[in-house]
There are 2 protein chains.
Amino acid sequence: MPRMQLTKTIIINTALSLAEKQGYEAVTMANIARSLSIKPPSLYNHFKNLEEIKHAMAETAQKQLYEALKSTEKGAQPLLSLAKAYVHFGSSRPGLYTSSLPGGTNEVSEALVQLIADSLTSYSLGESKKIHAIRGFRSMLHGFIDLNKHEGFKLDVDLEKSLEEMVGIFERGL
Amino acid sequence: MPRMQLTKTIIINTALSLAEKQGYEAVTMANIARSLSIKPPSLYNHFKNLEEIKHAMAETAQKQLYEALKSTEKGAQPLLSLAKAYVHFGSSRPGLYTSSLPGGTNEVSEALVQLIADSLTSYSLGESKKIHAIRGFRSMLHGFIDLNKHEGFKLDVDLEKSLEEMVGIFERGL
DNA sequence: CTTGTAAAACTAATGGTATTAGTTTATAGT
DNA sequence: ACTATAAACTAATACCATTAGTTTTACAAG
């Protein structure tokens, strides 16, 4: 195999670094190629198209999200800790978080679901109730991050407090 | 004033119709111009750029969302009815819903917040608690719609049931 | 009724995007 | 050393937004 120093992993990491440093909109064939000092068409030797690159980025980004959440201290309020870590990840690394979205369902996203499930054990929910609760929790957090990105909230009321209240409501309702 | 048959309203409605029929990605200067049988540069006589068009679209789309929610039967479970109407709007008219997001804060979005507030009156919350609850509710619903769009949920468990459970959890926690 | 002004259309051009086709280069294995 | 092939390349197509400069047209004033 000739000239195979360039791997899929290198391309994806380059693309993710671009997303993080310059925003997800900067993830273009031209920018990725520029970062790698190659021409855009060369990327098609490694990936079918940009969509495939973004899909591969999502899996890696989900992994990083998973790692960030796994290492959070559970403490007295595991659900609140998890929520804060999730929202912090999404807000402080918007390019990386956005990269994680086109991922669909896979092993990593399953692990992420399991992480939430672990924080819900003390509520001893039935299997289907648990699934609904996990979906609700993820919806809440993702919506919180995304609405913020779109300036959906007026800023004169404390955001961190809103998150705490929101998680509080959710926990009481479980 | 010469040739003023083309108004901002006509342009925005054309753009919204494009978003609804062909998806939000189809909202381009070229496509809007084509729909109006003019050339793309002519649009700059009416709007500064595409961003301004999208911002104007957002206000109109928010108005349509507001109208769709206002006309829902409150019934015995006003919060659940509102949630279902919101999610139905977002899922059945994805282009229009996406159009509504770049809107920021304005009179229409305030009216939308008021609509949610009205559905929360029976819980007699304090002013700041109410704001947090509204943010939580919107986050939940927007996140639910957006995660679904990104295929964030596995489809083997009933989605409608998840929505009902999620709202149920939220209501109990209030 | 002509004429001038200004709005709103136009054409042409620039520079950005993804993608495909076809060609060259370089390397790994025979 | 030779050959096959992966991986780079160039060139081209077809989109996209945007700007500059020009023409058209409709209305309002003389």
Side-chain angles (χ1 to χ4, degrees), chain A residues 1-61 94-95 98-99 101-104 150, chain B residues 1-61 94-95 98-99 101-104 150:
Chain A
M1 302 146 229
R3 264 184 290 192
M4 52 151 283
Q5 76 289 4
L6 188 55
T7 62
K8 288 198 178 201
T9 304
I10 292 174
I11 293 171
I12 295 308
N13 287 340
T14 301
L16 284 171
S17 153
L18 211 47
E20 202 159 356
K21 289 183 192 143
Q22 298 178 228
Y24 193 67
E25 324 71 45
V27 178
T28 66
M29 289 306 224
N31 282 338
I32 298 169
R34 194 184 346 270
S35 298
L36 292 165
S37 304
I38 61 175
K39 305 295 174 189
S42 302
L43 289 168
Y44 291 84
N45 287 315
H46 304 274
F47 290 95
K48 192 161 105 341
N49 51 32
L50 182 58
E51 189 186 344
E52 207 180 73
I53 290 179
K54 287 182 173 177
H55 200 269
M57 286 170 71
E59 194 146 346
T60 303
T98 301
S99 298
L101 295 177
H150 285 291
Chain B
M1 301 147 228
R3 264 184 290 194
M4 51 152 283
Q5 75 292 3
L6 188 57
T7 63
K8 289 198 176 198
T9 304
I10 291 174
I11 293 171
I12 295 309
N13 287 341
T14 301
L16 284 171
S17 153
L18 212 46
E20 204 160 355
K21 290 183 191 141
Q22 298 179 228
Y24 193 67
E25 323 71 44
V27 178
T28 66
M29 289 307 224
N31 281 339
I32 298 169
R34 196 182 346 268
S35 298
L36 292 165
S37 304
I38 60 176
K39 305 296 174 190
S42 302
L43 289 168
Y44 291 85
N45 287 315
H46 304 275
F47 290 96
K48 194 160 105 342
N49 51 33
L50 182 58
E51 189 187 344
E52 207 181 72
I53 291 179
K54 287 182 172 178
H55 200 268
M57 287 170 71
E59 194 146 345
T60 302
T98 301
S99 299
L101 295 177
H150 286 291

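Letters A, B, ... mirror the listed sequences (proteins, then strands); counts begin at 1.
In this structure, Pro94(A) has no side-chain contact (heavy atoms from CB on, under 4.5 Å) partners at least two apart in sequence or on a different chain. Qualifying side-chain contact (heavy atoms from CB on, under 4.5 Å) partners for Ser37(B), counting only residues two or more places apart in sequence or in other chains: none.
Between Leu43(B) atom CG and dT18(D) atom C1' the separation is 12 Å, expressed in whole Å. Nucleotide dT18(D) holds its P atom 15 Å from the NE2 atom of His46(B), rounded to whole Å. One can place CG of Leu36(A) at 9 Å from P of dA8(D), the figure rounded to the nearest angstrom. Across the protein-nucleic acid pair, Phe47(A) atom CZ and dT20(C) atom P stand 16 Å apart, rounded to whole Å. Following rounding to the nearest Å, Ile11(A) (CD1) and dA8(D) (P) show an atom-to-atom distance of 7 Å. The nearest whole Å value for the distance from the CD1 atom in Ile38(A) to the C1' atom in dA7(D) is 9 Å. Nucleotide dA7(D) holds its C1' atom 8 Å from the CD atom of Gln5(A), rounded to whole Å. In this structure, Lys39(A) places its NZ atom 18 Å from C1' of dA21(C), rounding to the nearest Å.
Counting only heavy atoms from C-beta outward, the side chains of Ile11(B) and Leu6(B) approach each other to under 4.5 Å. The side-chain heavy atoms of Thr28(B) and Leu50(B), taken from C-beta on, include no pair separated by under 4.5 Å.
Remark: Ser42(B) is not in phosphate contact with dA8(C), judged by side-chain N or O atoms under 4.0 Å from OP1 or OP2.
Residue-to-nucleotide contacts include a donor-acceptor pair under 3.5 Å from the side chain of Asn45(A) to the base of dA8(D).
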> In B/S/- notation, 5' to 3', how is nucleotides 12-17 of chain D contacted by protein heavy atoms closer than 4.0 Å?
Replying inline: ----SS
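Legend: salt bridge (charged side-chain N to carboxylate O under 4.0 Å, His left out) pairs involving residues 46-56 of chain B, not counting sequence neighbours: none detected. Listed by first then second residue, pairs satisfying salt bridge (charged side-chain N to carboxylate O under 4.0 Å, His left out) with a partner in residues 9-38 of chain B read Glu20(B)-Arg93(B), not counting sequence neighbours.
A donor-acceptor pair is defined here as one N or O able to donate and one able to accept, closer than 3.5 Å; such a pair exists between the side chain of Thr14(A) and the backbone of Ile10(A).
The 12-atom threshold is not exceeded at NE2 of His55(A), counting heavy atoms of other residues, nucleotides or ligands nearer than 6.0 Å.
Terminal axes of the helix from dC1(C)-dG30(D) to dT30(C)-dA1(D) (five pairs each, C1' rotation axis) are separated by 10°, to the nearest 10°.
Shown here for Gly95(B) and Tyr24(B), the closest heavy-atom pair between the two residues is O-CD1, 4.1 Å.
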